[in-house]
Amino acid sequence: MPISPNPAVAPHNPGIGLRIFPDDDVPQDPVDFRLVRVVATLSQPISNVPVYFRNFDLDDPATDPIIDPMGNAGNDNNGTPQAGQLTILNGCGVNQGIIFCPSNASGVAVIEFTVTRQPGDNFAIAAGLNPTEVGAVNVNGIDLTNGSGQTIPTSCTTELVCRSPMLTVWRRLHIEVDSMGESIQNFILGTVTQTVRMRAGQQYTLPIASSQTIEENRFENGRIVINYRDYEIVSNTANTVTIDNPGQSVTIFANTTFQMFDDDDFNDDDGLFPGDGTLDGDAGEDIPEPDISLLTANSDDPNANVFASAYVRPVYDFYDPRDNSFFQANTIGDFETDLRPLFLDWDSRSTNTADEFWSVYLLGSYQHTLIEDNDPSTELATRGIVDAITGDTSGGSDGEGSGALIFKEVLRPREIDDPSPYNNERHVVAHEVGHLFSGQHTDGGLMGSPISSTNFSSNTIRRIRALAHP
Ligand SMILES: [Zn+2]
C-alpha cells in the first residue's frame, strides 16, 4: 500500500499528514513494508553535501487522557523503538551523533527509515546541513521546534532545519468470514408412553420417553407431530409434554412415536403457532454469514468501520470459498477446547499469531449451549462468543483469541426482546472482534455488557493500539 493522506477520524485523529500501512500485503510477505525512503532536496543541485537526519516520535494528537496520557509530549508511541529507526546506508555516516547522507548530483540526499507496526504511532524526520542545528530540534505536540523554539515547517526555503510531514501508522485487519451449512436434525424423536384420550379444545400432559436428553421447557411454543397431526407445545419436562388440542377428539396410544421441534427459526420465516405449523428446526436452510456492516471493507468512516478510531481498516481478501460444510445446533461449552473444533474451515489459521499480518475468523453459527440458547426464553441468550479473549488467561485460557461464533438463531427480531439500539447482530459482531483485540467488558461502550455504544471506549482503543496481534 502506498503512503497516502492520513484521513481524519473524529474525535481522536484530526487527519494531519500522511499514513502508512507497514503490514504485510500477503501472509509470509518477503517485502518489508515498514521501510520508508526519506528524501531531502537542496535548493541547488550540489553533490556530496552531507545532509543530517533525525527521527522523532511526535505527540499523539488525541486529547483523550486515556489514549494519550502523556499530554503534549512525544515518545508516546506503542511500538519499538518508539521513534522508529534510521538506517546508515552505504555512503552515509555519523557525525556528532547525528546520521548524515550525502547529496547526489541533483542535490538530493536519501535515507531509509523504518516505522513501527502499532496503529496510531506517528513520526517525523528533521533534516538540515548543520549537525548542531539538527541536534537542537525538539518535539512540541505534533510540531518540531528548532534551537530557537520556532516551529519547523514541512516546506522550506532558507530555514536551517526542515522536516517531513507527520507519518502515522494504520493497520489492516484481514477478516475471514464463514458460516455453518444447512440445518439438520434440529428436533427430538421419542414415544408417548401411555395411552391418552384427548377431547377437542383442551390441554393434555402426555408422558414421553426419548433416547435424547430433554431440557425442561425447551420446547415451549414449539411443535409436536404425532400421527401426522401438529400440536402446539405449552411446556415440557424431561419426561412429559403439555400440549393444546384445538382440533377433534383423538386417542393417542401408548408407544406412538412423536417428533418435537422447539421454536428455532433463525430467519423468522416459519408461521407462529398456531399458524401454519411450519416450525421445523430450520431443516434444510443454510445458515448465513454474520452481519459485518460495522466492519466495512476499506472504510475510514467510524460509522461504517468501528475500528477506524484505532487506525485499523478491515479487508476481506482471503482466498476462501465461503465454506459452510457442517451444522451444529448447539455448542458444547464456553472454552476454547469446546469452540475451536468448530473452526473446521479456518483458512487464515497460519496467520493467527502473526504480528505483521493481522487476521481474525468469523463463523455464522446457530446457537450457543443448550442452557444459553433462549429455549426456554427465560434463560440466557448468548449472541456471540470468542474462542478466547486475547491476552486474558483467566480460567486457564491460553489468551490467544482467534475467532468468533455469531449465533444467528438468537439474534433474530422475534427472539430479541430488548429494545436497545445496540442489541442487534452488527453490534454483537463488532463487540466479539473487539474481544479478539483484547477488549474487556469493563471497558464499557461497544465492549460493555450490555453493549452501550456503537463506539469503542478510550480503554479499548488504547488496547487495540498496543496489541501485537489480535
Ligand atoms: Zn463480550
Side-chain angles (χ1 to χ4, degrees), residues 1-9 12-13 15 17-36 77-79 84 114-123 166-178 289-290 292-320 322 346-362 386 390 400-404 426 429-430 432-439 446 455-456 460-470:
M1 298 270 286
I3 288 172
S4 59
N6 175 33
V9 181
H12 305 302
N13 171 7
L18 303 171
R19 72 164 155 189
I20 178 171
F21 288 88
D23 49 352
D24 283 356
D25 273 352
V26 294
Q28 317 288 331
D29 203 320
V31 180
D32 187 346
F33 291 95
R34 294 174 302 172
L35 294 178
V36 180
N77 284 345
N78 292 299
T114 305
V115 300
T116 63
R117 283 202 174 103
Q118 293 313 122
D121 278 6
N122 59 0
F123 311 90
M166 182 168 84
L167 183 62
T168 301
V169 170
W170 279 68
R171 289 295 302 257
R172 284 168 288 185
L173 174 64
H174 302 261
I175 303 178
E176 179 185 354
V177 186
D178 281 346
E289 293 169 1
I292 51 170
S293 56
L294 289 178
L295 304 170
T296 304
N298 301 312
S299 173
D300 303 319
D301 173 0
N303 298 308
N305 165 23
V306 293
F307 280 90
S309 56
Y311 300 85
V312 176
R313 250 186 164 196
V315 290
Y316 299 85
D317 56 355
F318 278 105
Y319 168 72
D320 178 18
R322 298 278 162 140
W346 184 19
D347 301 312
S348 53
R349 190 185 302 258
S350 70
T351 54
N352 182 35
T353 59
D355 292 349
E356 60 276 12
F357 189 94
W358 284 358
S359 64
V360 295
Y361 185 60
L362 284 180
V386 289
T390 298
E400 192 54 71
S402 322
R426 65 184 189 281
V429 171
E432 297 306 333
V433 178
H435 279 314
L436 299 177
F437 273 90
S438 73
L446 182 52
N455 302 308
F456 287 124
T460 311
I461 291 172
R462 185 163 174 76
R463 290 182 199 275
I464 295 168
R465 290 183 46 183
L467 196 67
H469 65 79

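Quick caveat, the model's predicted, so the values are computed rather than measured.
The CD1 atom of Ile3 lies 6.5 Å from the CG atom of Leu18; values are rounded to the nearest 0.5 Å. We find the CG-CG distance between Asn352 and Leu436 to be 9.0 Å, quoted to the nearest 0.5 Å. Rounding to the nearest 0.5 Å places CH2 of Trp358 at 8.0 Å from CG of Asp23. Once rounded to the nearest 0.5 Å, the distance linking OG1 of Thr116 with CD1 of Ile20 reads 9.5 Å. Here the straight-line distance linking atom CG of Asp24 with atom CE of Met1 works out to 13.0 Å at 0.5 Å rounding.
In this structure, Pro470 and Thr390 approach most closely via the heavy-atom pair C-OG1, 4.2 Å. Between Ser299 and Ala308, the shortest heavy-atom contact is O-CB, 4.5 Å. Across all their heavy atoms, Pro290 and Val177 have their closest contact at CD-CG1, 3.7 Å.
Applying the ring pair (Phe, Tyr, Trp, His ring centres under 6.0 Å) criterion to Phe318, with sequence neighbours excluded, gives no partner residue. Legend: residues meeting side chain to side chain contact (heavy atoms under 4.5 Å, CB included) with Ala354, ordered by chain and number and at least two apart, are Thr351, Glu356, Phe357. Applying the ring pair (Phe, Tyr, Trp, His ring centres under 6.0 Å) rule to Phe307 yields the partners Phe437, Phe456; only residues at least two apart in sequence or on another chain are considered. Partners of Asp355 under the side chain to side chain donor-acceptor pair (under 3.5 Å) rule, at least two apart in sequence or in another chain, do not exist in this structure. Asp32 is linked by a salt bridge (Lys or Arg N to Asp or Glu O under 4.0 Å) to Arg34, Arg117, counting only residues two or more places apart in sequence or in another chain. Take Pro7 and apply the side chain to side chain contact (heavy atoms under 4.5 Å, CB included) test, not counting sequence neighbours, and it matches Arg19, Trp170, Asp300. With sequence neighbours excluded, the residues satisfying side chain to side chain contact (heavy atoms under 4.5 Å, CB included) with Pro314 are Ile175, Leu295, Asn305, Tyr316. For Asn298, the side chain to side chain contact (heavy atoms under 4.5 Å, CB included) partners are Arg313, Val315, not counting sequence neighbours. Residues meeting the side chain to side chain donor-acceptor pair (under 3.5 Å) test with Asp25, sequence neighbours left out: Arg172. Residues meeting the side chain to side chain donor-acceptor pair (under 3.5 Å) test with Asn77, sequence neighbours left out: Asp57. For Asp317, there are no salt bridge (Lys or Arg N to Asp or Glu O under 4.0 Å) partners at least two apart in sequence or on another chain.
Put simply, the side chain of Leu173 reaches to within 4.5 Å of the side chain of Val360, judged on heavy atoms. You'll find the side chain of Asp178 reaches within 4.5 Å of the side chain of Tyr361, heavy atoms only. Here the side chains of Leu294 and Val429 are not in contact, with every heavy-atom distance at 4.5 Å or above. Contact annotation: the side chain of Val306 never approaches that of Val433 to less than 4.5 Å [non-hydrogen atoms, C-beta and beyond]. Between Ile464 and Tyr311 the shortest side-chain heavy-atom distance does not fall below 4.5 Å.
Asn6 pairs in a side chain to side chain contact (heavy atoms under 4.5 Å, CB included) with only one of the listed residues (Asn13, Asn122, Leu167), which is Asn13. Between Pro22 and the options Leu35, Val115, Val36, Asp121, a side chain to side chain contact (heavy atoms under 4.5 Å, CB included) holds for only Val115.
The stretch residues 460-470 participates, sequence neighbours left out, in these side-chain hydrogen bond (donor to acceptor under 3.5 Å, both in side chains) pairs: Asp60-Arg465, Asp443-Thr460, Asp443-Arg463, Ser457-Thr460.
Looking only at distances, a side-chain donor or acceptor of Glu176 sits under 3.5 Å from a matching main-chain atom of Ser348.
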